[in-house]
Protein chains: 2
Amino acid sequence: MTDTILSSATREVAIGFNRPFVMIGERINPTGRKLLAEEMKAGDFSRVKADAIAQVEAGAQMLDINAGIPLADEPALLAQAIELVQSVVDVPLSIDSSIIDALEAGIAVYQGKPLVNSVTGEDEVLERVLPLVARSGAAVVAISNDDTGISEDPDVRFDVAKKIVERAADHGISAADVIVDPLVMPIGAMGTAGLQVFSLVRRLREELKVNTTCGASNVSFGLPNRHAITGTFLAMAIGHGMTSAIMSPLHPEVKTAIQAANVLTGTDTDCGTWIRQHRDPNAAGGARERRSNRRRTV
Amino acid sequence: MTDTILSSATREVAIGFNRPFVMIGERINPTGRKLLAEEMKAGDFSRVKADAIAQVEAGAQMLDINAGIPLADEPALLAQAIELVQSVVDVPLSIDSSIIDALEAGIAVYQGKPLVNSVTGEDEVLERVLPLVARSGAAVVAISNDDTGISEDPDVRFDVAKKIVERAADHGISAADVIVDPLVMPIGAMGTAGLQVFSLVRRLREELKVNTTCGASNVSFGLPNRHAITGTFLAMAIGHGMTSAIMSPLHPEVKTAIQAANVLTGTDTDCGTWIRQHRDPNAAGGARERRSNRRRTV
């Protein structure tokens with residue numbers, strides 16, 4: 001029964017076995033969002049603020065914050081974004097960068113216990129990121145690729161995850177504070193991508209006893225009706241034990257699939273959330289209010 | 001790689017590991033359909049005919065035929081329904097009755113290799129149904145309950161399934177011709193119902209090497225937005241290896257979940273069906289035509 005506890009200044013969220021799936025909002029990320037990138041670079045964070053509020057209103061229990069903009073001062077931008085987001089919403093955040101100075105700047109201003117996104121299995125990265133995670137008492141996303149890149153062999157990806165969990169333990173970071181991303185490939189490019197993730201998620205849960213996450217939308221890259229593929233993928237991954245994903249909470253069909261999967265895995269106790277959500281479909285605000293209260297309970 | 005081959009006079013369908021999921025249309029069943037029951041009893045099969053055509057047009061690769069009407073001559077009605085349905089559609093049928101004489105009458109008029117639905121683990125039922133299945137060269141649905149009823153313990157349900165498969169072998173019926181129904185309880189009444197089925201389906205596939213089916217809609221009984229629960233359940237069950245279900249093919253969200261699950265388990269080769277379906281959503285007839293051709297390939 002592994003629980004990963006994350007917090008903001010005022011709220012805790014638990015990602016865990018036998019708990020409802022945790023949606024980590026992916027929208028605050030300038031990669032591929034030209035307008036957002038330009039605004040952030042120019043010091044305009046109004047869209048960041050609006051995206052934070054919209055994602056939490058849509059049901060995200062956490063938000064991922066990325067400020068990776070070419071030729072910009074990423075550490076300063078990431079810290080600024082985090083401070084601003086923490087001033088408008090109270091969900092815990094995932095601090096997302098491949099630059100160690102940016103992670104450090106983000107952690108420095110963060111109130112609570114963040115999720116550091118991410119560390120890979122490369123020795124140099126491990127030895128730079130893990131001490132920072134340990135020192136700040138954060139949890140960390142472990143991405144199962146290493147110096148050789150992303151292996152198409154799920155056994156290799158499992159071994160990389162195992163190495164990261166063991167290395168984290170050497171730094172005093174418990175397995176409960178390591179959330180493994182087994183890496184989701186586009187199913188349109190690799191027909192075995194889904195089955196690989198399902199079996200990896202099972203092994204990670206049963207053998208390493210770690211929580212899991214992924215960048216979910218990648219699975220449907222290039223296909224029509226992407227949200228149906230992404231939502232069905234997440235439901236199936238939940239059936240194999242996946243406990244969180246970095247994703248957009250703004251698509252109703254994806255959210256419905258996740259909520260149905262919570263019902264079907266028994267984590268939505270007595271189908272309470274499902275029934276409340278559907279009692280009065282027009283009372284969206286009311287439903288959000290109730291969900292929001294429920295999420296405060298760890 | 002277990003394949004169960006069913007046929008009509010002109011078409012074969014294979015239910016199998018690593019094949020697209022097979023939808024067995026459930027609509028031709030007077031249980032709970034008062035009007036249909038009255039019409040069938042009065043010898044009016046126009047609705048049976050229309051339901052057969054509609055389900056096949058909606059994508060059902062097989063149809064279940066049930067004529068269980070109180071105080072009616074079920075063997076005669078079932079035989080009549082089967083003859084009529086085989087005259088208007090060419091998909092293989094599941095002959096559905098708890099009355100041995102009705103199964104016998106249905107098999108007598110059936111053209112091709114039918115699915116006999118069903119046999120339970122009760123000794124008396126086994127010894128009456130299995131010789132009939134063996135004699136007619138049919139396949140059979142094995143429902144995992146016995147004299148003690150439906151156990152809430154999945155291990156007991158597995159053992160009943162194992163007993164039926166073994167007893168079938170004694171009668172010369174191979175495991176490939178036994179499709180096990182692990183029994184799906186309403187998730188609203190039993191929060192573990194989903195996890196039980198998922199783990200049973202895995203065991204049935206890995207240990208007994210049998211195909212599986214279920215009455216899918218039962219899982220969402222009593223809940224709002226039933227189709228979303230049923231569709232998500234089927235996708236998750238497919239993720240654990242379920243290969244067919246007796247269900248309504250008329251609800252788009254259920255079908256979409258199944259088709260997405262086929263993509264995600266790699267049985268929709270190169271996502272071909274998914275992409276064709278979405279190429280021109282308005283060309284439903286054309287899409288159906290193409291799907292229909294594809295299904296002719298076993």
Side-chain angles (χ1 to χ4, degrees), chain A residues 18 184 186-199 201-202 219-242 252-253 255-272 274-281, chain B residues 18 184 186-199 201-202 219-242 252-253 255-272 274-281:
Chain A
N18 308 323
V184 175
I187 190 80
M190 194 167 94
T192 55
L195 295 177
Q196 282 196 0
V197 170
F198 303 149
S199 106
V201 165
R202 288 182 73 84
V219 76
S220 58
F221 179 79
L223 290 179
N225 198 3
R226 286 191 65 169
H227 302 322
I229 295 282
T230 303
T232 303
F233 166 75
L234 282 170
M236 294 169 85
I238 291 169
H240 288 270
M242 189 172 271
E253 59 269 66
K255 264 178 64 182
T256 299
I258 289 172
Q259 288 168 338
N262 285 340
V263 167
L264 290 160
T265 51
T267 60
D268 179 2
T269 312
D270 296 330
C271 312
W274 185 264
I275 291 168
R276 273 195 304 277
Q277 294 262 80
H278 289 89
R279 192 169 285 156
D280 181 1
Chain B
N18 309 324
V184 175
I187 191 80
M190 194 167 95
T192 55
L195 295 177
Q196 281 196 0
V197 170
F198 304 149
S199 105
V201 166
R202 288 182 74 83
V219 74
S220 58
F221 180 79
L223 290 178
N225 198 3
R226 286 190 65 169
H227 302 322
I229 294 283
T230 302
T232 305
F233 166 75
L234 282 170
M236 295 169 84
I238 291 169
H240 285 85
M242 189 172 271
E253 58 269 67
K255 263 178 64 182
T256 300
I258 288 172
Q259 288 168 339
N262 285 340
V263 167
L264 291 159
T265 51
T267 60
D268 179 2
T269 311
D270 296 329
C271 311
W274 184 264
I275 291 168
R276 272 195 305 276
Q277 293 262 83
H278 289 89
R279 192 169 285 157
D280 180 1

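Note on naming: letters A, B, ... go to the chains in the order of the sequence lines (proteins, then strands), and numbering restarts at 1 for each one.
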Return the minimal non-hydrogen interatomic distance between [X] and [Y], and the atom names on each side.
X: B/Leu264; Y: A/Phe198; value: O-CE1, 4.1 Å
X: A/Ala261; Y: B/Thr232; value: N-CG2, 4.0 Å
X: A/Ala228; Y: B/Thr256; value: CB-CG2, 3.9 Å
X: A/His240; Y: B/Gly239; value: NE2-O, 3.1 Å
X: B/Leu195; Y: A/Thr265; value: CD1-O, 3.4 Å

Against chain B, label [X] side chain, backbone, both or neither, depending on which of its atoms sit under 4.5 Å from a heavy atom there.
X: A/Thr192; result: neither
X: A/Asp270; result: neither
X: A/Phe233; result: both
X: A/Val219; result: side chain

Ranked by heavy-atom pairs below 4.5 Å to chain A, first place among B/Val197, B/Thr269, B/Asn225, B/Val263 goes to B/Asn225
Checked B/Ala193, B/Ala237, B/Pro224 vs chain A; the most non-hydrogen pairs under 4.5 Å come from B/Pro224
Top contributor to chain B interface from A/Gly191, A/Gly188, A/Ala235 [non-hydrogen pairs under 4.5 Å]: A/Ala235
